[in-house]
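Heads up, the thing below is written out as structure tokens.
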Amino acid sequence: MPRGAISAVGIAAALSIALTSCSSSSSTSSSSGPAPGTGGAASGKTLVVGVTSDPDTLFPWKATQFQAVNVLQNLYGTLTEFDKDLNVVPGLAESWQTSDDGKKLTLKLRQGVTFADSSTFDSQDAKSSLEKIMDEKTAAVARASLSSVKSVEAPDAGTVVLELTGPDAALPANLATVNMAMLSSDDTEEKLNTTPNGTGPFKLGKRVASQSITLARNDAYWGGEKPKVAAVEFRVIPDESSIVSAMQSGNVQLAVFNDPLVAQTAQGGGTLTVTKTPQLNYHVLQLNAQHGDLKDVNVRLAIQCAIDRKQVLDTAALGEGEVTGPITAPAFKSDPNKRPCPARDLAKAAEYLGKAGKSGGVTVKTIVSQGEYATSVNEAQNLKAQLAEAKISLELEVLESGAFVDRWVAADFDAAVALNGGRPDPDGSYGRYFTSKGNLNKVAGYSSPELDKLFAEGKATTDQAARKAIYEQVSAKLEENAPWIWLFSGYTYTATTSGVQGFVPMASGSLQYLRTTSVS
């Protein structure tokens, strides 16, 4: 079936990103969150969502696996949120204001918000959450996003004040991720990993390990509308093709696919609707610049020059996507033609290996996730075949999703074939990876004084044109030093049965609009 037969969300509309809330001296004061989708009144029905893997954690501050994030963002609330177009809008903070000198962010919290255990959310919980995320001992994956915060004060139950080292244009957007979830000050990681306690539209219902996790509607949810369904069940079906079969037989009502071939199969049956959404996420070969031969930038550049990214895209994803540079957010998008070897150049790759004293070739042990996204193994095999022609051997180790994440977080790899989540703001995407004090710098394996300086300037600058110029320099530094090899950005394909209404796919991959979804 031709690709055009899959209906597409308008790319311009899906990715039109306004970050004015990040750079304005004061933000919106609306009391509503993201605009709801369509759908009927709340019902007693359960929406079954097909997924390929079980969440590897239920603790939001440490969640990096896509499936864990998708579940947790429906259980927990954040101070700010993204709407369907990735604008920053109020969340648990109904408004915020930045001081004239940019060194203070004051957030006014919603009143009457409760956690799943019925306890009240207030400024002490927000203060506790932010301070614990900032504490290195917590090992929160978003810690670097709060690097500009000197202190957090709670002058009254409804107000939180962040004292900053200087202006931070990225902060309102960075507060919107589930890794910044607001937790009760009484809760612990151990408790929350078995009994989540959030302020989100759903509460944990029942979990059967490796089979399903069911979320029950939170009737005390602060949003203007309660969820349309009584429950959402995430049912684990490891193969995307099997999820299609389950949908066609009526056992699953919604699924999000990564594999365009599976999406075509789903559409071709005639009983499912498939919506194609461009993503900020990016496919990447991550090189650990602290390991072995990869310590030499010439070896990393040889790998970069030996790869035809379009071939990887065509082979693994049927050409459904576009070759990308480091930054995928449209307001700051990298130009993939401005990189060493924008086209495959085996002669240049050989030259770089020669400079490294490795003309005979190198071997790179590479981990690959199987189960979290569908194209990973095909990408890895294509990369292996291409690099072999340049005397670069990828030794592939295919791991199930949880094992891959454990190895990745520990930086226990030479290289990793990965799908990383993109963000509307470049600081949120890369500040935690490529700055010397970034809490995931160990995973990235690379930083430099130049990058530290540029990222600091990017946060401190509120003018969008000036920020774009700064992040163009960031992109250039990353490409010139090749700590990672950015490959392509693709699509997600949301399949629904005929009775499903109101779900809004997002360019971030978020499933937050399960709150507005109904099923008949």
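All of these numbers come straight from a predicted model, not from anything done at the bench. Numbering of residues begins at 1 and proceeds along the displayed sequence.
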Acceptor/donor pairs from residues 155-162 side chains to any protein atom, 3.5 angstrom cut, sequence neighbours excluded:
| from | atom 1 | to | atom 2 | distance (Å) |
| --- | --- | --- | --- | --- |
| D156 | OD1 | G158 | N | 2.9 |
| D156 | OD1 | T159 | N | 3.0 |
| D156 | OD1 | T159 | OG1 | 2.9 |
| D156 | OD2 | T159 | OG1 | 3.2 |
| T159 | OG1 | K108 | NZ | 3.0 |

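- The closest side-chain heavy-atom distance from V417 to I367 is not below 4.5 Å.
- Remark: side-chain polar atoms of S518 are not paired, donor with acceptor, to backbone N or O of K228 under 3.5 angstrom.
- In this structure, CD in Q67 is found 9.5 Å from CG in L72, a value given to the nearest 0.5 Å.
- Counting heavy atoms from C-beta outward, T120 and V113 have side chains that stay 4.5 Å or more apart.
- Classification of the F434-W486 ring pair by plane angle, with boundaries at 30° and 60°, yields tilted.
- For the salt bridge (Lys or Arg N to Asp or Glu O under 4.0 Å) test, residues two or more places apart in sequence or in another chain that qualify with D54 are R207.
- Distance OG1/T328 to NZ/K333: 8.0 Å, rounded to 0.5 Å.
- Side-chain N or O atoms of K206 include none that pairs as donor or acceptor with a backbone N or O of T214 at under 3.5 Å.
- In this structure, OG on S447 lies 8.0 Å from CD on Q290, to the nearest 0.5 angstrom.
- Summarising the local packing, NZ of K127 is surrounded by more than 12 heavy atoms from other residues, nucleotides or ligands at distances under 6.0 Å.
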task: Please step through side-chain contact (heavy atoms from CB on, under 4.5 Å) for the pair K437 and F455, ending with a clear verdict.
output: CA-CA 11 Å; K437 295 183 179 180; F455 275 105; over 6 Å; no

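- K203 pairs by the salt bridge (Lys or Arg N to Asp or Glu O under 4.0 Å) definition with nothing, not counting sequence neighbours.
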message: Could you go through T114 and T199, starting from their C-alpha distance and side-chain angles, then the distance that decides it, and tell me whether this counts as side-chain contact (heavy atoms from CB on, under 4.5 Å)?
response: CA-CA 6 Å; T114 57; T199 61; over 6 Å; no

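- Remark: side-chain polar atoms of R515 are not paired, donor with acceptor, to backbone N or O of P227 under 3.5 angstrom.
- For the salt bridge (Lys or Arg N to Asp or Glu O under 4.0 Å) test, no residue two or more places apart in sequence or in another chain qualifies with K338.
- When side chains are defined from C-beta on, T275 does not count as touching F503, because their heavy atoms never get closer than 4.5 Å.
- T177 is linked by a side-chain contact (heavy atoms from CB on, under 4.5 Å) to N179, M180, R423, counting only residues two or more places apart in sequence or in another chain.
- Checked against a 6.0 Å centroid threshold, the rings of W61 and Y76 do not count as neighbours.
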- request: Check the pair V443, F413 against side-chain contact (heavy atoms from CB on, under 4.5 Å), reporting the backbone distance first and the verdict last.
  value: CA-CA 9 Å; V443 174; F413 60 86; 4.3 Å; yes

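- Contact detail for P60 and L183: the closest heavy-atom pair is CG-CD2, 3.9 Å.
- Between the side chain of D117 and the main chain of S119, a donor-acceptor pair closer than 3.5 Å is present.
- Listed by first and then second residue, the ring pair (Phe, Tyr, Trp, His ring centres under 6.0 Å) pairs involving residues 152-182 amount to none (not counting sequence neighbours).
- Atoms CG and NZ, from L58 and K191 in turn, are 14.0 Å apart once rounded to the nearest 0.5 Å.
- The main-chain N or O of M506 is found under 3.5 Å from a side-chain atom of Q279 such that the two form a donor-acceptor pair.
- In this structure, M134 and V152 have side chains that are in contact, with non-hydrogen atoms separated by less than 4.5 Å.
- For K132, the NZ atom counts as densely surrounded, since its 6.0 Å shell holds more than 12 non-hydrogen atoms of other residues, nucleotides or ligands.
- Sorted by first and then second residue, the pairs that involve residues 137-152 and meet side-chain hydrogen bond (donor to acceptor under 3.5 Å, both in side chains), not counting sequence neighbours, are S147-K459, S148-D168.
- In this structure, the side chains of V178 and L75 stay at 4.5 Å or more apart for every pair of heavy atoms.
- Counting only heavy atoms from C-beta outward, the side chains of L146 and L175 approach each other to under 4.5 Å.
- Side-chain atoms of Q304 do not come within 3.5 Å of backbone N or O of A482 as any donor-acceptor pair.
- Qualifying ring pair (Phe, Tyr, Trp, His ring centres under 6.0 Å) partners for Y471, counting only residues two or more places apart in sequence or in other chains: F332.
- Residues passing the side-chain contact (heavy atoms from CB on, under 4.5 Å) test with A176, sequence neighbours excluded: T80, F82.
- Separating the CG atom in L487 from the OG1 atom in T324 is a distance of 9.5 Å, to the nearest 0.5 Å.
- When each of D125, T78, L92 is paired with M182, the side chain to side chain contact (heavy atoms under 4.5 Å, CB included) condition holds for L92 and for no other.
- Checked against salt bridge (Lys or Arg N to Asp or Glu O under 4.0 Å), D452 has no partners two or more places apart in sequence or in another chain.
- Applying the ring pair (Phe, Tyr, Trp, His ring centres under 6.0 Å) test to pairs two or more places apart or on separate chains, none has a residue in residues 140-188.
- With sequence neighbours excluded, the residues forming a side-chain contact (heavy atoms from CB on, under 4.5 Å) with E189 are F59, K62, N193, listed by chain and number.
- A salt bridge is absent between R110 and E81; no separation between the charged side-chain nitrogens and carboxylate oxygens falls under 4.0 Å.
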query: Would D425 and N174 count as a side chain to side chain donor-acceptor pair (under 3.5 Å) if you check the C-alpha gap in whole Å, the side-chain angles of each, and the deciding distance to 0.1 Å?
result: CA-CA 8 Å; D425 192 279; N174 285 340; 5.5 Å; no

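- A donor-acceptor contact shorter than 3.5 Å links the side chain of N481 to the backbone of K477.
- With 3.5 Å as the limit, one finds no donor-acceptor pair spanning the side chains of S185 and S128.
- Side-chain N/O atoms of T461 and E457 include no donor and acceptor closer than 3.5 Å.
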- prompt: V312 and H283: side-chain contact (heavy atoms from CB on, under 4.5 Å), yes or no, with the steps?
  reply: CA-CA 10 Å; V312 180; H283 298 251; over 6 Å; no

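- Checking Y446 against R300 by side-chain atom types alone, no donor-acceptor pair falls below 3.5 Å.
- Using a distance-only test at 3.5 Å, with no hydrogens or angles considered, no donor-acceptor pair links the side chain of N288 to the main chain of G445.
- Side chain of N197 to main chain of F115: no donor-acceptor pair is present (N/O by atom type, distance under 3.5 Å, no hydrogens or angles).
- In this structure, D427 contributes its side chain and G431 its backbone to no donor-acceptor pair below 3.5 Å.
- Side-chain contact between L511 and F66 is absent, with no heavy-atom pair separated by less than 4.5 Å.
- The six-membered or imidazole ring of W222 lies away from that of F121, with a centre-to-centre distance of 6.0 Å or more.
- Between L47 and L514, the closest side-chain pair of non-hydrogen atoms falls below 4.5 Å.
- Checking S99 against D101 by side-chain atom types alone, a donor-acceptor pair falls below 3.5 Å.
- Residue N70 holds its CG atom at 9.0 Å from OG of S53, rounded to the nearest 0.5 Å.
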